[in-house]
Every structure is written in C-alpha cells, then in structure tokens.
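Labels below follow one simple rule: chain letters A, B, ... track the order of the sequence lines, proteins then strands, and each chain is numbered from 1.
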Amino acid sequence: MQASLEDEWLWGWDATPGIVSVWAERTGRAVVWRRAAGSDTLTREEDRFRPWLLLPALDDLTHLGARLLPEEAPGAELFDSVAWRELTGAGQFRYLVSASDSRTLEAAVLAGASARLKRQITRLADLGDEAALSLPPEEQYLVATGRTYFGGLAFDDLHRLQFDLETTGLNPAQHSIFLVAVRDNRGFSAVLDVAERGLDGPAAEADLIRRLVALIRQRDPDVIENHNLHGFDLPFLARRAELLGVTLALGRIGGGLRRRPASRGYGPWRGAEADASERDEARGRYTVAGRELIDTLDAVRRYDFAARDLPGHGLKAVARHFGLASPDREYVAGAQVYQTWLVDPARVRHYALDDVNEADGVARLLGGAAFALARMAPRRYERLADAGPATGVLDPLLVRAYLRAGAALPARSVSDGVQHSGASLYLFAAGVATRVVKADVSSLYPSLMRQYRIGPASDRLGALLALVDRLVEQRLAAKRRARAAPPGSRERHTDEALSAAMKILVNSAYGYLAAPGLTRFADVHAANEVTRRGRAVLGLLCRELAARGATLIEGDTDGVYFAVPEGWSEADERRIVAEVATLLPPLIRLEFEGRYAAMLSHEPKNYALLAWDGALTLRGVAFRSSRAEPFGEIFLREAIAALLIDDIPGVRRAYLAMVEALQRRTLATRLVAARVRLSKTPERYLATRGARREASYEAVLASGRTRWEQGEHALVYRATGGQPALLPTTDDGEPSDDPRDYDATHYIRLLRETFAARLARAFTPDDFATLFDNPIQPSLFASPIETIHPTLTARMAPPVEGDEQ
DNA sequence: TTGTCGCGGGG
DNA sequence: GTGTACGCGACAA
C-alpha cells in the first residue's frame, strides 16, 4: 500500500519493527535496541545519523567558507563540512543545516553569532527561540529517519520491570532505604532487604543498592516502572547512592542514571518542600541509556484529566478504583512502614510486593496510551509518557511533518495580546426535574475545526487539520477492531490503547491552538473562532430543543440536560434529539447520551441524577468532597434519594434521624471526623502557631503528642466545647477508639447550614425552613410536611440567536 | 465577599 | 539546559 504524505506525518515512514529504546549522541552515533514480537531476543544496533538544526539564515555560517556546502554538493558529507538545504515557503526557519557531529555544527553557529553580536556566545539557547531550532539527539535521529518506537509490538512484548523502595522516611538526607521489592512481566519477583546479609547501617544500605542495580542489569528490562518513580524512588535512590558512594549503573550502555530537564505537562508538582534545592529535586526527571523510565502517576493524571472520576491519584486508591487490588492485599500506613518492618518484616515484604504488582496493573491498564503515542511521534517513549499532548506530542509531529515536506517552519508563536474566549455555561433552571435527558455533541471542538477547516494561520501545509482528520478516521477503525477482538486479548488491548492515544491527541488540538508561547503553531484567533462556533452550536441546540417541548435545565460547552413533558416515551425523547441533530452540519454529531428519572439541579456543574434503575449519581464539589465529614455525604445520599422520588417525608426523616444520631451521639465519631494530612513538621508548625492556629495540629497537640511525622494522616474532629480533637487510629489508619465526645451542636449546625443547604434549590424558602427547621427551636409556623413538593425554578431563557455569551 | 496559601504523591 | 501547572478548598481578613 502506498502511504500518503499525511500518513507519514502521523506514523513516520520507516517501518523498522520492534524498536524498544533509542540512545543518540551528539557525535552522530545512535544505538537502537529492538525486540521481536513474541520472543525474548533483544538486539542492539549501531546507526549513524547527521545531527541537524534549523536556522533562519546562513549568515552565521558563511565564515566556514568552502566548508559550507549545499547538501547535494560533493564533499558535503565530509567530517568537517556543514551541509545546508533551503526549505520551501515562508517561515522563520528556512535552512536545514547538518554536520557529521553536532559539536561541529553548534561550534560553527556559535562562532558566527559571536562575531556578528561582538560578544562570546557559548550556548545555542542563549541566542533565543527565534535564532535556532534544535532537538535532543534522539529526536533528531527519529525525525531524520522517520522511525518510531514499538512497530509491530504489543504492550506486553516489552520487558517491563517494576521496583519499589521502602524507606525509613521521606527525606533522603536523613532517611534510608531498608527494602526493595522487584518484579517483572516475565514472571520474576523478589524482595531485597538490609537485614539478609549480616551487615548493618550504611554498609547494609550500600550493599542493598548494589544488589538492586545488579539485579536490574541481570533482568535487563526495556522499561522500568513505578508509581511516582520520578518524584520519589529515583531521586531518593540517586541521593542515597550519592551519599553512600555507590554508582547507579542502571543503563544498557554508558551506565549512569542522569537527570533530564522536567517536561511541561504532567511533571512532578512544585511541592511543599522547604527550599529551592529540594524543589528542584522534586521536579526532576531521570533517564538512562537503553531503558525507558515510566512513572505510572503520569498515566493516572493523563487518564483523570479527562475522566475526573478517581478518588485520588495514589497507587492504592487507583488500584482499588479499578479493581486491581488483590483480596489479600496488605496495607500499611506510610508513616508506619519502618516501625512495622522492625516487628513484622513478613508483613512489609508482602505489602511491598503488593505495591509492585499494583504498579504493573496500573501501567498495563492506563499506560497503553503513551505506548501507542510512541508508535506515532518522534520522541522517546519516556518523554511521551510525561508530556502534555499539545507541546509534547502534536508539536513534534508537526515539526517532523514540515521537514518531511521540505517546508520552512515558523518561529514559535507568541501571544499578540488577543483575549482567548471560552465556552458557554448556562443554568436554565434549578431544583428538581423529572424525565431528564442528556444530549451532547461528541468531540465538539475538533469537530468544529474539521467542519469549518479552522486551523492555525501559520500552518501553510494544513498539517494540524490533516493530522486531526486522520486521527479521527483511524480512531474509529481502531475502536471497531477493538470491539471485534476477544475481550482480554492483546489485539484488543493494543487497539483500545491506540484509540485512547488518538482521543488524547484529537482533544488536545484545540488546546494546541489556544496556547501561544507554548506551541509552535498556536493561533488564538483560530481558537476563538472554534469557541464562537461552539457557543453558536450550543445556543442552537438549546433553542431548538426548547421549541420542541423540552424544559432546559443546564447547558455546558457541548451538551444539554433537559426535561420532557409527562407522558413522553423514550422514543419521543430520542425523536427530538434526532430532529435537532439534523439541523447541525454533518461533522457535528449530536448524540443521545442518557436518560434519567429525575435530577436535582443545584448550580452549574453541580447536580444529582437518579437513573431509571434507581442508581443515584452525585456530581460536582457541592455534593462530593474528599475532605467532607462522612456523615454529611451519608445524609445527602439518603435525602436526595428521597427527594428525587418526591418522598418529602423521607427527606425529613433522613434529616431528623441524622440530627438525633448526632444529638444522642449514636453516630460513630469517625463519621464526623475529617481526614487531614499533617504536611508541616512539628518545628514548622510551632514556628507559625502564634500567628495562625490550625485545627489539625491543635488536635494532635491536644491529644498529648508533641511529635508527628511530616505527611502523616490523621482523623480530626471537634470535641465538646469546640476543642479540636484527634481520633486515635491503628497502623492502617482505622480508628482504634470511639470516644463519642464530639460537639453535637456544632455538627447539627453543619448538617443544616452546609449539607441540607444543598437541597435548598428544590424548595420555596418557607418549605425549606419547615423541612429543615432548627430541631432545638422548632418553627411555630410549620406547614404540614405532606403538602410540600419539590419545585423547579426557571433561571434564564435560552440564548437568542447570534447573542450567545 | 475577597484574597492568600497550600495541596496533590512517595515512606 | 530553563522555566511557566492547575484547579480547588480552607482559612483569614
């Protein structure tokens, strides 16, 4: 099959299969490791490439005289020549220059620039973004050859190894490693610890690190994975190895573990570290020759960026959420791990092995998207795994596309000060609605880009739109193949991962436009045209649905919740959605997303839905907050479940029952306690205690403790008299006691003012006051509960055509 | 109500 | 080789 230019833009043009790692040097040497699908044979190949970079002009190179040659001239390939080629069309970077060694190339450019500017320039970066475009050596190699990673491989063809450190604390300057769990996807697993070789102290830890390095070299994995690998295990290991004088020869050649600059996108966050050096430590990324270092936390963030359904991003929470935790999973609270090891080492070994097994499960479940991206984009797998999709994937694809077409590239976009406009968000009605339908446009923004051919003005080749077109088409094909493949098969995993990767890219195309200064081809005017069209589409949907009898509830960006009149069937609901769908252009596809028995509309993006099968979903911060005291959510679920079936006495019963349980303290203390994290050290809190008291730390101090570990979790509540109190817990964070001395009045007030308040939109003020009267001072004017029904109150009319906000 | 600060993850 | 995250919640003013 003849591949089109556009297919080459997406997939490259060199089909060399099985590349699992690339290590390229400035000398023009590239080492490529390849693996055959379904076999354990690894081959290492040496390749040569000509390091290259892009320049706006050749002026800074004319000092080379006869050593500067057009690419096709005899002698252009000689070791001390610099070859050039002019790229076509308008664009800042019109010259592709190359040499047999990038040091020759850069030295020539720097000498010319220094002479021109009459000052010594020592680094390309000092010339600024517009003076040169240069990529890391591996990317130069991949762009020049058209090769990509992982051709013909499935995820588990990679040899993937997970290791997890257990340490005496979080700070490598004062804590140490005492155990390491290791496993791989070839059936190996082991636990190494400091106690098994008759050594003590630093000698035992140094020996443990040496054994870990030897074991990794012996297993020889392509990929090393763990949760927070770059944020914890690698920096901790690197620091301990440095302090102990151990070399971390983890690579397949050349040895050492190196830092690489933090990528944009999903890098470790700026933490609460005390000083700048600690902060740098936390921001770092690591790399070794021949292996890819993959952090499953990046995959989790990338997943949750769109899904937003994870309770947290920690390994245990994610594993439980996806059902990856084994039934005999051992849990030990972080701060207790070392203490537990001292008294029950077997338990900690079990725990650490559970951790690496779960890290493998998370990598397999969520890591496929980055794996699939690496089959497309000219970057190392480990860089694609932590990159933002716009700067980290689309930009490299576009740079490769332009060079493949021999076209000049623009300088990176800069903001021209034009404001970026957003989507529309409407709350049409608040309160309780019944017979509710959700309709939305799938992938609205990329569909608008395709429908109206909205792309960056500077993209003369139309490459971004061409990529989006192909991604959308090929994603549909991948989804079809995935559905046809047997569940659990490698074919299915591969195609599902491909589909996920393509979805990430398609959905980031709009964000790419809206990021001047970050992406090369950003175009805020184009981005604004997309959102303007989007607002028009949403406005049209709302008007046309309302004209067909729908009661609008909420409209947000690309979708609408609406209620239909009593007596309508599901067929009627589908009919009006289908009718409105025909009013939209062909690529803008309105879909019937779901139907619900009832909905409580509270605020934009904050609502509760009752499905026809009785399942209750709460959405938005008003209804779900990880920090909220458990009794509040228990009450809300019960009260809303009753509210949505018009059982107002049931709402009242839920309220009174909770009031009584609090008043008589039949409710367990843990249900009023909030789970907090003690993020400050005792020293740091005591330093600011005078100026600012914080309930969490006051609770610990009030319990008689003066010491705690930084990062320790605690259950905190308000005791009688308003005093902050600590609920004692066992090692695994479960309450070990139940003093039942909480401040009932305080929690009853919280119940009314914070939790019951979230039902206020469903009632008139009088009815609300009647339902949730202060049980301590009942209202004198209560109307009978039986006469109260929830209401839906109109907030605004549908936007008028051409006047969408 | 408005601003400021801190969190997230790892032991 | 460097820097620029981000969106939300709690608390103080």
Side-chain angles (χ1 to χ4, degrees), chain A residues 106 122-129 134-136 164-172 174-181 226-237 240 258-273 276 279-285 295-298 300-301 304-305 308 310-318 332-341 348 351-352 355 359 386 388 390-391 415 511 515-518 605-606 620-622 624-628 674 676-680 684 688 691-696 709-713 716 754:
Chain A
E106 285 173 25
T122 54
R123 296 183 318 175
L124 275 184
D126 295 340
L127 286 170
D129 254 6
S134 86
L135 301 180
D164 187 49
L165 306 183
E166 301 304 330
T167 67
T168 59
L170 292 168
N171 181 355
Q174 61 187 85
H175 300 125
S176 62
I177 305 167
F178 66 87
L179 180 147
V180 190
N226 195 22
H227 203 66
N228 208 13
L229 180 71
H230 289 287
F232 179 72
D233 298 271
L234 290 176
F236 202 105
L237 183 63
R240 295 308 295 168
R258 312 181 194 185
R259 303 186 65 97
R260 68 176 159 97
S263 307
R264 289 191 45 75
Y266 301 85
W269 50 83
R270 166 177 46 77
E273 289 77 14
R279 199 155 46 236
D280 287 350
E281 192 79 24
R283 276 192 61 80
R285 290 281 166 171
D295 193 332
T296 50
L297 181 56
D298 292 323
V300 165
R301 289 185 182 151
D304 203 39
F305 183 76
R308 293 181 188 284
L310 293 177
H313 293 172
L315 179 64
K316 283 85 177 165
V318 173
V332 182
Q336 306 298 329
V337 169
Y338 183 56
Q339 298 305 319
T340 307
W341 159 255
V348 174
Y351 163 78
D355 268 9
D386 66 44
T391 51
S415 171
L518 298 178
K605 297 178 195 268
N606 282 272
V621 288
R624 304 184 52 167
S625 162
S626 57
R627 246 219 62 155
V676 300
R677 184 172 173 271
L678 306 172
S679 58
K680 297 177 180 171
R684 247 197 322 144
T688 57
R692 182 178 145 156
R693 301 225 156 176
E694 295 177 50
S696 316
E709 291 286 330
Q710 184 181 14
E712 193 178 325
H713 286 278
V716 169
T754 300

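In this structure, CG of A/L518 is placed 13 Å from P of C/dT4, rounded to the nearest angstrom. A/L297 places its CG atom 14 Å from the C1' atom of C/dA5, with the value rounded to the nearest Å. In this entry the distance linking CG of A/N226 with P of B/dG9 reads 15 Å, nearest Å. A/D164 has its CG atom 9 Å from the P atom of B/dG10, to the nearest Å. Atom CG of A/L234 and atom P of B/dG10 are 15 Å apart (whole Å). A/F305 places its CZ atom 7 Å from the P atom of C/dG7, with the value rounded to the nearest Å. Regarding A/D386, its CG atom lies at a distance of 17 Å from the P atom of C/dG3, rounded to whole Å. Following rounding to the nearest Å, A/L237 (CG) and B/dG10 (P) show an atom-to-atom distance of 18 Å.
Distance noted for atom C1' between B/dG8 and C/dA5: 12 Å (whole Å). Nucleotides C/dA10 and B/dG9 have their P atoms positioned 16 Å apart, rounded to a whole Å.
No contact: A/L229 has no heavy atom under 4.0 Å from any strand. As judged by a 4.0 angstrom heavy-atom cut-off over every strand, A/D233 is placed among residues making no nucleic acid contact. Among the protein residues, A/D355 comes within range of the sugar-phosphate backbone only, with heavy atoms under 4.0 Å from sugar or phosphate atoms but none that close to a base. In this structure, A/L315 reaches the sugar-phosphate backbone alone: every heavy-atom distance under 4.0 Å involves primed, P, OP1 or OP2 atoms, never a base.
A/F178 is linked by a ring pair (Phe, Tyr, Trp, His ring centres under 6.0 Å) to A/Y338, A/W341, counting only residues two or more places apart in sequence or in another chain. With sequence neighbours excluded, the residues that form a side-chain hydrogen bond (donor to acceptor under 3.5 Å, both in side chains) with A/D164 are A/N226.
With B/dG10, B/dG11, C/dG1 as the choices, the nucleotide that has an atom nearest any side-chain atom of A/N228 turns out to be B/dG10.
Checked by atom type, the side-chain pair A/H313/A/D304 shows a donor-acceptor distance below 3.5 Å.
At distances below 3.5 Å, at least one donor-acceptor pair connects side-chain atoms of A/H175 with backbone N or O atoms of A/L170.
Between A/V300 and A/L310, the closest side-chain pair of non-hydrogen atoms falls below 4.5 Å.
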